[in-house]
Amino acid sequence: MSTHSTHVYTGTYTGDAPRVWPAKVNQIPKEVFGDEALFEEELKKIFYGDTWHAVGHAAEIPNVGDFKTFDLGRVPLLIARGKDNQVRVFFNSCTHRGNQLETSVSGNRKEFECPYHRWLFSLDGTLAACPGSKEFAPDFKQEHFGLVEVKTDQYLGLILVTMGKNTPPLKEWLGESALPTLNALLGGDGRLKLLGYQKVRYASNWKGYNDNDGYHAPLLHTGFRLLNWQGGKGFQRMTPNGHVLFEAELKPATGNGFLKDPSLIEFKGSNPERGSVITQLFPMTVMTKHMDVINLRFAIARSHEVTEVHYAYFAHEDDSEELVQHRIRQSSNLLGACGMVSMEDAAIFQRIHIGNQTPGFAEFQKGVTSLTEIPTDVKQNDETGNLPRWEHYRKVMGFKREGEQ
Amino acid sequence: MSQAITAAHNSAIDALHTAYLAALDQGDMAAWAATFALAPDTRYFCTSAENDRRGLPLALMYDDCRGRIDDRVSFVTKVWAGTYQPYRTRHFIQRLSMDAAGTNQYRVTSGFTIMMTPEGGATTVLTSGEYRDLIEIQGDGDKFRAVFRERRAVYDADVLPRYIVFPF
Ligand code: FES
Ligand SMILES: [Fe+2]
């Protein structure tokens with residue numbers, strides 16, 4: 001009996017992310033997925049840095065007084081619609097002693113009252129009342145103690161925030177080439193209606209959650225195979241700052257003897273050429289419109305090994321009642337953390353996190369044509385679409401490549 | 001007389017709950033599906049307390065016809081086989097209320113807790129919640145069988161601790 005292995009590990013595994021990256025552009029050091037100290041750096045350089053983060057859509061808080069809370073890294077945010085219909089994002093922290101102001105995940109309020117010393121904030125963040133202020137410090141001025149706003153901007157109702165000092169304007173950061181795909185995803189004009197949420201935690205590093213490739217569908221997803229569901233024409237496009245855009249034609253499933261209720265996979269959208277649309281914004285926002293599902297995924301990097309994802313599903317405001325019903329049915333069952341064709345993705349997020357606690361590299365192969373050049377031209381079904389994002393990550397984090405000065 | 005019928009219905013409903021829990025705790029999806037009525041408009045929903053409270057229709061599992069209940073069995077046993085990380089569950093339920101809802105039908109609510117044990121791991125709470133059921137008694141004479149016409153599992157977790165394979 002003999003055993004063969006093409007690789008015998010002889011190195012010294014530290015588990016710490018290397019500060020120098022391999023020269024080969026298709027290799028990602030696996031240590032970046034399991035390094036706790038690296039996560040702290042990522043919070044500072046990426047999540048609290050010069051980048052925008054999608055934290056919600058205006059359709060989640062349609063009425064005056066509606067709010068939701070969300071976290072950017074460990075920073076709690078309060079997103080509220082004021083009497084003037086403006087959506088504002090505040091730090092969810094009382095300006096007095098810093099008490100967490102709002103505890104609910106969502107709701108509707110006339111104003112926000114801090115229970116500690118009863119400071120009362122209007123929906124626009126103004127400090128409206130603060131009992132006992134006659135005895136406050138000599139320099140206290142009520143108008144200086146409104147809730148602290150976080151810089152925010154919207155694109156077709158998608159709410160993004162940044163804590164960085166030098167973040168480019170939103171449209172510039174999104175990039176011209178991203179806009180048509182993002183528009184298609186957001187129903188054309190962003191006039192969406194919230195259908196509900198699926199919220200789940202994955203035992204996965206946020207980069208692993210984000211690192212799904214474009215070609216696994218027919219391999220990983222038995223659902224696609226059983227439905228005899230072939231992909232159509234399309235493209236995958238990357239931007240230099242790490243976004244990935246993906247559009248594909250959708251050929252309705254054929255040869256289905258598999259589902260007893262095939263209405264689940266009916267496509268009622270008007271344009272099958274854009275049946276599948278994905279926008280992935282650096283660092284960790286993934287949004288998809290697949291068939292009639294409009295799904296924005298607001299994600300939180302909780303730690304180096306926990307990623308929380310809030311799958312929010314929408315209809316369009318102009319939809320017929322019938323189409324809304326169809327969207328509810330399809331959205332609930334197809335693409336989420338328990339969806340027929342994507343539960344496997346969720347399983348992979350966790351399994352890849354476990355498997356990556358071993359020495360060596362995550363290797364990109366399909367579509368790799370050069371070991372030294374970051375690809376810019378990527379076919380629809382290549383896994384190299386991830387490489388520009390990794391390259392952007394490497395630069396933001398300040399890691400040099402082997403041999404680079 | 002009606003008292004006697006109620007007692008018999010009562011034990012049929014207990015037996016239904018037991019069959020449901022046993023099916024899921026054994027990972028037997030066919031037995032799970034068998035606890036539901038065969039009528040085409042038989043339904044199973046599993047949704048978060050947040051969606052429920054806010055009147056948002058989206059669910060984690062939205063099986064709004066009998067065919068889709070059978071399709072869910074296929075998801076678990078055929079589509080996902082070999083990809084997910086195996087885990088076992090233990091369901092505990094306690095009946096909270098029961099009201100007659102027409103001939104041989106009852107509205108029943110129960111509290112539930114689901115414990116989860118991943119293969120190779122320790123037991124944790126998956127979630128708790130409330131079942132809201134429409135249960136039908138089928139059969140006559142002294143042969144009764146209770147089945148779900150509708151089961152709505154409303155789970156408490158705002159954020160589930162993992163992806164979900166099996167129904168609640
Ligand atoms: S900390 Fe909020 S009122 Fe004092
Ligand atoms: Fe996938």
Side-chain angles (χ1 to χ4, degrees), chain A residues 60 104-108 194-203 220-227 258-264 295 300 302 306 308-315 324-325 327-334 336-351 354, chain B residues 33 40-87 118 120-121 124 126-127 153 155-168:
Chain A
E60 293 177 85
S104 296
V105 291
S106 64
N108 184 281
L194 179 67
L195 296 178
Y197 300 98
Q198 295 169 343
K199 297 183 180 176
V200 65
R201 283 186 171 192
Y202 296 123
L220 173 65
H221 297 304
T222 310
F224 283 125
R225 276 206 306 281
L226 288 170
L227 296 167
F258 171 66
L259 288 180
K260 283 196 176 171
D261 176 28
S263 75
L264 176 63
N295 180 208
I300 305 168
R302 289 280 180 208
V306 177
E308 184 170 312
V309 185
H310 298 184
Y311 295 74
Y313 297 88
F314 299 86
V324 172
Q325 263 312 313
R327 285 202 209 266
I328 293 166
R329 196 178 284 141
Q330 198 166 67
S331 300
S332 298
N333 292 323
L334 216 55
C338 181
M340 181 183 79
V341 292
S342 69
M343 190 289 291
E344 299 102 326
D345 289 313
I348 292 299
F349 301 147
Q350 300 199 174
R351 289 177 64 169
I354 294 166
Chain B
D41 65 345
T42 299
R43 299 170 296 272
Y44 170 73
F45 302 103
C46 174
T47 193
S48 68
E50 182 188 5
N51 285 339
D52 183 69
R53 184 174 62 242
R54 292 177 64 177
L56 297 168
L58 194 107
L60 184 72
M61 303 178 210
Y62 193 98
D63 301 338
D64 62 343
C65 61
R66 172 70 215 198
R68 199 168 295 116
I69 290 171
D70 291 327
D71 287 342
R72 184 160 302 284
V73 176
S74 307
F75 292 4
V76 176
T77 58
K78 296 196 182 112
V79 179
W80 299 338
T83 47
Y84 64 85
Q85 295 151 305
Y87 65 95
T124 54
L126 179 57
T127 188
Y155 60 86
D156 293 328
D158 276 336
V159 182
L160 288 164
R162 55 163 292 146
Y163 62 92
I164 299 299
V165 177
F166 301 103
F168 290 171

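Below, chain A is the first sequence line, B the second, and so on; all start at residue 1. Because the structure is predicted, anything quoted here is derived from the model rather than measured.
- Proximity to chain A (any heavy atom under 4.5 Å) is shown, for P57(B), by both the backbone and the side chain.
- A donor-acceptor contact shorter than 3.5 Å links the side chain of Y87(B) to the backbone of F166(B).
- Contact tally against chain B (heavy-atom pairs below 4.5 Å) for Q198(A), Q325(A), R351(A), M340(A): the top residue is M340(A).
- Partners of V341(A) under the side chain to side chain contact (heavy atoms under 4.5 Å, CB included) rule, at least two apart in sequence or in another chain, are F224(A), L334(A), L335(A).
- Contacts of N51(B) with chain A are made by side-chain atoms alone, with heavy-atom separations under 4.5 Å and no backbone atom involved.
- Although no hydrogens or angles enter the test, the distance criterion places a donor-acceptor pair under 3.5 Å between the side chain of S342(A) and the main chain of G336(A).
- At a 4.5 Å heavy-atom cutoff, the contact between H310(A) and chain B is made by side-chain atoms alone.
- Each of D63(B), T83(B), T47(B), V76(B) has some count of heavy-atom pairs under 4.5 Å with chain A, and the biggest count is that of T83(B).
- For a residue to count as touching a neighbouring chain, one of its non-hydrogen atoms must lie under 4.5 Å from one of that chain's; by this rule Y202(A) touches chain B with the side chain only.
- Ranked by heavy-atom pairs shorter than 4.5 Å toward chain B, the options I328(A), L220(A), L194(A), V324(A) are led by I328(A).
- Interface residue R54(B): only side-chain heavy atoms are found under 4.5 Å from chain A.
- S74(B) is listed as a side-chain neighbour of F258(A), based on a closest heavy-atom distance under 4.5 Å.
- Among R327(A), E344(A), M343(A), the residue with the largest count of heavy-atom pairs under 4.5 Å with chain B is M343(A).
- Of all heavy-atom pairs spanning N333(A) and R68(B), the tightest one is ND2-CD, 3.3 Å.
- Heavy-atom distances place the side chain of I354(A), and not its backbone, under 4.5 Å from chain B.
- Checked by atom type and distance alone, the side chain of N295(A) pairs as donor or acceptor with a backbone atom of A312(A) at under 3.5 Å.
- For residues 49-78 of chain B, the set of pairs meeting the ring pair (Phe, Tyr, Trp, His ring centres under 6.0 Å) definition, not counting sequence neighbours, comprises F45(B)-Y62(B), F75(B)-W80(B).
- Residue with the most contacts toward chain A among L60(B), D71(B), D70(B): D71(B) (heavy-atom pairs, distance under 4.5 Å).
- Residues M61(B) and C338(A) meet the side-chain proximity criterion, which asks for heavy atoms closer than 4.5 Å.
- Only the side chain of V105(A) comes within contact range of chain B, with heavy atoms under 4.5 Å apart.
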